[in-house]
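The next block holds one structure in the form of structure tokens; read it before the comments.
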There are 2 protein chains.
Amino acid sequence: MSADGTRKPPNVFDVARVSGVSTATVSRVFTGKTNRVAPETVERVTAAAKSLGYTPSEIGRSLRLATTKVVVLLVPDATNDFCADVAISLEQSLKGIGLSMVLANTGEDPERQDQLLDDAEGLRPHAIILLGAMDTPRLRQAAQSKRAIIFVNRRPPPTIKGPFVGIDNEAAGYAVAEHFIRQGFSDCAIIHGPRRYSASRGRLEGFLRCLSERGIDTGSVRQIESALTMEAGYKHGLALLRADHPPRAVFCGNDMIAYGINRAATETGARVPEDVAICGFDDNRVNDWLAPWLTTVRVPALDFGPAVISLLNDQEAMPKTSEVILPFSMTIRKSA
Amino acid sequence: MSADGTRKPPNVFDVARVSGVSTATVSRVFTGKTNRVAPETVERVTAAAKSLGYTPSEIGRSLRLATTKVVVLLVPDATNDFCADVAISLEQSLKGIGLSMVLANTGEDPERQDQLLDDAEGLRPHAIILLGAMDTPRLRQAAQSKRAIIFVNRRPPPTIKGPFVGIDNEAAGYAVAEHFIRQGFSDCAIIHGPRRYSASRGRLEGFLRCLSERGIDTGSVRQIESALTMEAGYKHGLALLRADHPPRAVFCGNDMIAYGINRAATETGARVPEDVAICGFDDNRVNDWLAPWLTTVRVPALDFGPAVISLLNDQEAMPKTSEVILPFSMTIRKSA
DNA sequence: TTGTACGCGTTATCAC
DNA sequence: GTGATAACGCGTACAA
């Protein structure tokens with residue numbers, strides 16, 4: 001009694017015909033307005049739908065309602081464990097309120113971000129979530145439109161207002177410096193992410209502020225701007241460790257960089273933490289299993305999804321200024 | 001000259017009005033049929049579109065063309081590095097041919113898979129990609145429909161025919177056993193994934209076949225069916241290593257399990273590989289950085305995307321029987 | 001409680 | 001080279 005040889009999926013008309021009612025009634029059943037439909041009619045309609053293998057078209061529904069159940073997530077680097085965790089968290093949270101997630105990767109390339117924003121706009125998504133936004137023309141334009149845009153981890157560029165989910169990076173950077181000082185690591189370096197991103201900048205500034213407050217000459221602190229990847233961490237790590245006076249401790253912009261410099265340490269024979277202490281950032285879940293030695297700042301990646309949802313709800317009634325600041329903590333292990 | 005205070009995005013009519021042409025012409029411009037439109041008209045239309053901030057609605061287009069630019073990817077466990085890599089690879093490959101990817105997580109839960117298949121159907125996607133399919137009623141139903149379904153890593157259940165991308169798991173299992181024998185590890189164990197999945201079963205069967213062919217009593221081989229997670233690997237690893245006669249070598253169903261048993265080895269004081277050798281499966285990219293000790297089977301996760309694309313193209317003309325078998329290799333490191 | 005009719009944004013067809 | 005129009009699948013106001 002099921003699918004015949006036709007190519008097209010069944011629609012409301014098919015279900016209406018088979019169940020002997022009008023399309024309006026079928027629609028009412030599938031939109032949950034069953035209290036306005038006779039119970040036996042509901043029965044007939046659902047039976048007909050099941051026998052036809054009918055699933056309402058999200059396309060038609062979206063067109064009619066002028067709203068979509070799709071949320072677009074733009075990540076800078078899907079191979080980064082932190083990004084992956086945020087994506088997972090978000091996907092689950094969205095699914096919980098009946099939304100789908102489209103994932104796309106900017107690769108930290110501004111042009112690609114603009115291209116993807118354009119594509120996203122075509123989907124008329126419920127919202128666009130930017131995990132690590134870059135300041136681009138298309139983003140500024142999108143920010144002025146009515147569409148909900150939520151900034152995660154990195155704050156919106158100065159010229160743009162928008163809801164934000166993240167941690168207090170400045171305080172976190174400060175906390176790492178405090179820890180270094182407690183351990184007696186005043187001769188240190190920082191391999192930080194690009195200064196144009198608020199998250200990277202915050203970590204750097206907090207770190208330096210603490211050192212400065214404790215009377216340490218920040219001029220002596222080697223500051224290296226780096227991509228947030230293992231490869232970059234490895235490269236800069238090698239350079240640091242092979243210098244005439246290697247630093248006693250290194251604060252890394254994220255765990256990926258820390259993995260990279262750890263490898264560099266292994267290869268150059270530097271012992272961690274005896275010769276060089278390493279502190280990461282994010283505390284990727286895999287650390288417990290593969291890097292149980294890494295001291296790092298724990299960012300609650302899996303709490304980002306729910307936070308975004310709450311902002312999404314606010315968003316529907318409120319101005320676009322709210323923000324959620326999640327707590328961080330230090331995970332002290334062997335490496336520092 | 002840009003967006004006014006209205007809420008709705010501009011549509012073809014708006015662009016047509018501003019540029020003084022018909023909607024048909026606007027459509028022609030945006031569908032690339034510019035050879036049938038006067039150059040100066042193209043100019044006017046694109047200018048008007050830009051000034052209005054117009055992006056064609058994918059919804060309207062999908063409705064008209066009865067086809068979508070969305071592909072749904074269902075993964076069993078997005079926190080698994082292998083799945084993440086396949087997802088990344090696929091997303092990039094799809095983007096290359098103008099398709100978007102919707103990602104969803106089944107968590108190895110059959111009911112959730114069916115729910116997600118239902119949701120996916122609502123999106124009328126270009127295709128559904130199942131990375132690790134489970135045999136469920138809804139899947140069988142979907143397989144009978146016209147919609148393209150591609151099975152990745154795990155073959156379709158016996159009752160279903162469908163295109164497949166993966167490796168020769170049986171041969172890979174065989175290769176691991178050969179390696180174990182060469183190293184003299186005849187007293188071994190295997191912590192494999194669920195037998196109901198072709199990938200897990202293939203690895204197990206190939207492993208046992210080789211041992212058997214070399215005259216080793218497979219009855220002495222401890223076979224443990226396990227979830228494919230670090231936690232499960234840890235649990236079963238502890239049990240194995242604390243037994244009266246711990247195995248000399250353990251073959252793990254994937255790298256996650258290997259990470260888990262490695263932790264168990266650390267905690268029980270078993271040295272790797274002196275006391276127990278460990279072999280994983282997948283060779284996650286992170287191994288180079290955080291587990292440079294792990295001997296494992298390398299699966300070219302990043303080649304899966306292009307392979308799926310090629311199958312997707314075949315699919316449009318061919319019967320649904322084609323498959324792509326990608327090569328694997330052994331990555332021999334310290335742990336075995 | 002149920003049915004009729006319209007419109008959402010787009011593109012292909014047909015006519016000019 | 002360009003324009004008018006039907007059609008795609010759905011939800012809802014309005015009518016019965």
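In the text below, chain A, chain B and the rest are named by the order of the sequence lines, each starting its count at 1.
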| Glu43(B) vs Lys50(B), salt bridge (charged side-chain N to carboxylate O under 4.0 Å, His left out): CA-CA, chis, key distance, verdict | CA-CA 11 Å; Glu43(B) 197 93 0; Lys50(B) 174 158 287 185; over 6 Å; no
| request: Could you provide the dot-bracket string of DNA chain C, using ( ) for intrastrand pairs, [ ] for crossing pairs and | for bases paired to another strand, with Watson-Crick or G-U pairs below 3.5 Å? | output: ||||||||||||||||
| task | Please list, chain by chain and in numerical order, all residues satisfying side chain to side chain donor-acceptor pair (under 3.5 Å) with Asp118(A), sequence neighbours excluded. | result | Arg138(A)
| query | What's the spacing between Leu311(A) CG and Phe164(A) CZ if we round to 0.5 Å? | reply | 10.0 Å
| remark: Glu121(B) CD to dG9(D) P, in whole Å, measures 13 Å
| field | Contact interval (first through last nucleotide) of DNA chain C with protein chain B, 4.0 Å heavy-atom | value | dG9(C) to dA12(C)
| Any side-chain N or O of Ser27(A) less than 4.0 Å from the OP1 or OP2 oxygen of dG11(D)? | yes
Between the protein and nucleotides 1-4 of chain D, are there any N/O to N/O pairs under 3.5 Å, and if so, what are the atom names and distances?
| from | atom 1 | to | atom 2 | distance (Å) |
| --- | --- | --- | --- | --- |
| dG1(D) | OP2 | Asn35(B) | O | 3.4 |
| dT2(D) | OP1 | Thr41(B) | OG1 | 2.6 |
| dT2(D) | OP2 | Ala38(B) | N | 2.7 |
| dT2(D) | OP2 | Thr41(B) | OG1 | 3.4 |
| dG3(D) | OP2 | Ser22(B) | N | 2.8 |
| dG3(D) | OP2 | Ser22(B) | OG | 3.1 |
| dG3(D) | OP2 | Thr25(B) | OG1 | 2.8 |
| dG3(D) | N7 | Arg28(B) | NH2 | 2.8 |
| dG3(D) | O6 | Arg28(B) | NH1 | 3.4 |

| message | Is Lys33(A) close enough to dT12(D) that one of its side-chain N or O atoms is under 4.0 Å from OP1 or OP2 there? | response | yes
| request: Go through the steps for Asn153(A) and Phe82(A) under the test side chain to side chain contact (heavy atoms under 4.5 Å, CB included), then give the verdict. | output: CA-CA 10 Å; Asn153(A) 201 35; Phe82(A) 173 72; 3.7 Å; yes
| message | For Glu323(A), give me all partners under side chain to side chain donor-acceptor pair (under 3.5 Å), at least two apart in sequence or on another chain. | response | Arg155(A)
| Is a side-chain donor or acceptor of Ser19(B) paired with a backbone partner of Val45(B) at a separation under 3.5 angstrom? | no
| Which residues within residues 59-67 of chain A lie with some heavy atom under 4.0 Å of an atom in DNA chain D? | Gly60(A), Arg61(A), Leu63(A), Arg64(A), Leu65(A)
| task | Give a yes or no answer on whether the side chain of Thr46(A) reaches the backbone of Val42(A) with a donor-acceptor pair at less than 3.5 Å. | result | yes
| request: Flag the pair Phe13(B) / Tyr54(B) as yes when their ring centroid distance falls below 6.0 Å, and as no otherwise. | output: no
| note | Heavy atoms of Gly60(A) and Ser57(A) approach each other most closely as N-OG, 3.1 Å
| remark: The reported gap from CG in Asp109(B) to CD in Gln113(B) (rounded to nearest 0.5 angstrom) is 9.0 Å
| said: Less than 4.0 angstrom from a charged side-chain N to a carboxylate O is my criterion; do Arg124(B) and Glu58(A) meet it? | reply: no
| task | List the steps, then state whether salt bridge (charged side-chain N to carboxylate O under 4.0 Å, His left out) holds for Asp119(B) with Lys69(A). | result | CA-CA 11 Å; Asp119(B) 294 348; Lys69(A) 290 189 177 177; over 6 Å; no
| request: Starting at atom CZ of Phe30(A), determine the distance to atom C1' of dC10(D), rounded to an integer number of angstrom. | output: 12 Å
| field | Qualifying residue, where the test is side chain to side chain contact (heavy atoms under 4.5 Å, CB included) with Ile129(A) and the options are Val75(A), Val86(A), Val152(A), Leu94(A) | value | Val152(A)
